[in-house]
2 protein chains.
Amino acid sequence: MATIKDVAKLAGVALSTASYALNGDSKVSAKTRTKVLEAASQLNYRKNGFAMDLKRSRTKTIALILTDLSGPYYSELIQSIQDVALARGYDLIACSSMGGRDSTAVKFLRENRADGAIVLAYNISNETLQECASERFPIVVMDREISSNCLINVLVDSELGGYTATRYLIEKGHKTIAYISGPTSSYDNQRRYEGYLRALQEAGLEEKTKWRLSGNFVREGGYRATKMMIMQGELPSAVFYGNDEMAIGGLKAFEESQISVPNHISVIGYDDIQLAEYVNPALTTIRQPKREAGSLAGHLLFQMLDGDEVNPAYKLGIELMERKSVIAAKN
Amino acid sequence: MATIKDVAKLAGVALSTASYALNGDSKVSAKTRTKVLEAASQLNYRKNGFAMDLKRSRTKTIALILTDLSGPYYSELIQSIQDVALARGYDLIACSSMGGRDSTAVKFLRENRADGAIVLAYNISNETLQECASERFPIVVMDREISSNCLINVLVDSELGGYTATRYLIEKGHKTIAYISGPTSSYDNQRRYEGYLRALQEAGLEEKTKWRLSGNFVREGGYRATKMMIMQGELPSAVFYGNDEMAIGGLKAFEESQISVPNHISVIGYDDIQLAEYVNPALTTIRQPKREAGSLAGHLLFQMLDGDEVNPAYKLGIELMERKSVIAAKN
DNA sequence: CTGAAAGCGCTAACAC
DNA sequence: GTGTTAGCGCTTTCAG
């Protein structure tokens with residue numbers, strides 16, 4: 001591998017001159033510059049980015065840490081973060097937290113490979129996060145409530161979302177409402193469930209444990225949970241799925257059992273993913289302001305990077321998307 | 001920022017001892033190790049990953065370069081690449097090629113920030129790719145036909161796909177078939193179009209330029225192109241959209257104009273994205289083997305990294321997904 | 001403008 | 001086991 005030293009030698013100039021020429025510094029003559037550039041291309045020289053970062057000791061990169069690189073649901077959010085980063089001349093790189101202890105994510109968090117991070121990965125522990133956040137490495141966390149020095153939260157009010165969804169069902173006259181849950185380790189799931197409980201309680205309704213099933217936030221899980229509910233015999237009049245994916249799985253299960261949504265049973269989801277308005281019936285759901293959340297997270301990270309004071313936590317609202325999967329209960 | 005030097009000093013040991021202790025080398029005594037670890041945590045020491053990479057001169061990382069980090073359509077593909085990387089103990093990091101000349105992607109390509117790359121980003125030029133590929137940095141390209149030393153292709157046979165889609169329409173009796181095109185700079189779009197042309201020609205049908213519109217591979221573009229086609233007055237009996245996104249936009253346009261798909265006009269898409277089976281009518285489309293392609297790309301990259309000989313190009317087949325958006329032409 | 005030289009933080013011989 | 005030391009490849013003073 002050719003180094004800048006080789007380039008300098010071949011071009012017959014000093015090391016520093018080569019460096020200047022390669023970086024387009026104005027103080028090197030055009031002639032010298034060409035000579036250097038030529039030497040470089042002749043040697044197939046490639047700059048070593050790490051050496052540069054090491055020297056400059058800042059990376060102009062922010063890391064976006066996701067549970068799973070392939071999760072398609074955060075597209076708007078990523079987009080908006082990316083816009084902010086780009087506008088500030090920073091790179092955004094995404095890494096997965098799969099692989100636990102020695103995942104790429106943890107490497108980025110622990111080893112100063114970026115100037116800051118935005119985290120949306122429930123499998124990264126609070127401790128790791130708190131340990132890694134510092135003035136030199138601010139972190140914005142979007143999937144839990146936790147704060148610490150240089151560690152702030154941007155989240156969507158999931159409790160309110162859960163409450164709103166359930167409340168809506170209740171207002172439509174539903175009295176028996178199931179909750180299909182995500183992983184209990186998920187902060188969002190937990191809060192949605194709390195909101196559900198609050199709405200129930202407020203209306204003097206009781207939660208029936210047989211109507212709290214777990215679907216792990218995935219479509220297949222929603223499908224299976226729903227199947228199970230159907231097999232139990234008695235059906236609630238409405239079901240609140242912890243996210244749209246599970247709701248879509250549920251819709252399929254109902255269809256297979258010839259239970260019509262919304263005529264026999266009402267269904268509400270959570271997230272408002274793209275698919276939601278296309279499924280049949282179009283899914284009534286709670287919309288999260290993903291764009292706003294992403295944008296806010298990006299801006300806040302840069303503010304911290306600039307050394308500005310920022311509030312430790314931000315909470316965004318939600319919106320009910322009324323579509324076709326819920327109708328008034330027939331009492 | 002505390003360095004390993006500070007840690008060593010505080011622990012009262014030599015630099016190297018600290019390094020060994022921190023890296024869990026067996027030749028350091030348990031007592032010394034604890035001492036070092038304590039010092040480290042006391043100083044809130046964070047290893048500098050770049051310095052390490054610089055020293056070790058390999059990153060155990062492969063870069064996945066995408067046009068747009070937020071594109072939701074490659075989820076299966078990313079997943080399968082990630083599986084392969086993880087199994088080999090490598091990190092996978094995704095970076096966007098947005099931002100052109102000095103995008104993160106180009107930095108990764110040019111600056112040895114990873115051991116190899118998988119590229120799926122039509123806005124990265126062939127030259128850049130050819131220039132960057134080398135024994136020390138193999139590249140697998142998935143969205144164009146280009147080969148070079150240590151640069152191989154994995155692609156899906158788009159020409160065949162375009163042909164198959166069009167041929168299917170023709171067999172259903174359609175004689176006037178529009179093509180809604182993606183960006184002309186896209187290799188895939190180009191090949192799909194060629195396949196379309198070949199099928200037409202084979203059947204002795206002619207392409208009408210007024211029925212070749214551009215939708216830029218995005219939903220909104222498909223919508224607009226379709227609107228335009230409708231305004232032109234005369235409608236073809238079927239339309240082949242260069243991808244599903246555009247087809248979905250088209251479906252919306254037809255619906256707004258009360259043109260029923262498939263009764264008035266047949267529609268076929270390309271990609272078989274998740275949404276495809278949920279839209280109304282369910283979209284007939286060409287399915288790409290994304291999982292297989294991703295997995296293959298990953299394996300090939302590692303083979304190159306291992307110094308094995310590999311073929312310069314691989315082409316995968318496609319599959320027609322018959323759903324509800326195409327019916328036989330009423331002649 | 002150019003060149004010599006001092007590190008950035010870390011690892012890994014090598015000697016003790 | 002532990003300590004000394006020589007760089008990895010680059011940028012950037014500082015003197016010419």
Inset, instruction - Report yes if a side-chain nitrogen or oxygen of A:Lys55 is closer than 4.0 Å to either non-bridging phosphate oxygen (OP1 or OP2) of D:dC8; otherwise report no. - result: no
Legend entry - Exam field: side chain B:Asp53 to backbone B:Thr59, donor-acceptor pair closer than 3.5 Å: no
Inset, instruction - Would you mind checking if A:Lys60 and A:Asp115 are paired as a salt bridge, meaning a charged N to carboxylate O distance below 4.0 Å? - result: no
Legend entry - Interatomic distance, B:Arg110 atom CZ to B:Thr128 atom OG1 [nearest 0.5 angstrom]: 5.0 Å
Legend entry - Phosphate-side-chain proximity, A:Tyr45 and D:dC10, N/O vs OP1/OP2 below 4.0 Å: yes
Legend entry - B:Asn189 side chain reached by B:Phe217 side chain, heavy atoms, under 4.5 Å: yes
Legend entry - Side-chain N,O (A:Ser57) to OP1/OP2 (C:dC8) below 4.0 Å: no
Legend entry - B:Thr32 side-chain N/O to D:dG1 phosphate OP1/OP2 under 4.0 Å: no
Inset, instruction - Tell me whether the OP1 or OP2 atom of D:dT12 has a side-chain N or O from A:Ser16 closer than 4.0 Å. - result: no
Inset, instruction - Using a 4.0 Å heavy-atom cut-off across all strands, classify A:Asn23 as base, sugar-phosphate, or nothing. - result: sugar-phosphate
Inset, instruction - Please determine if a side-chain N or O atom of B:Ser29 lies less than 4.0 Å away from the OP1 or OP2 oxygen of D:dT2. - result: yes
Inset, instruction - Specify the residue among A:Met52 and B:Val28 whose closest nucleotide of DNA chain D lies further upstream toward the 5′ end. - result: B:Val28
Inset, instruction - Ignoring backbone atoms, establish whether B:Asn48 has a side-chain N or O less than 4.0 Å from OP1 or OP2 of C:dC8. - result: no
Inset, instruction - Look at B:Lys31 and D:dG1 and indicate whether a side-chain polar atom (N or O) is within less than 4.0 Å of OP1 or OP2. - result: no
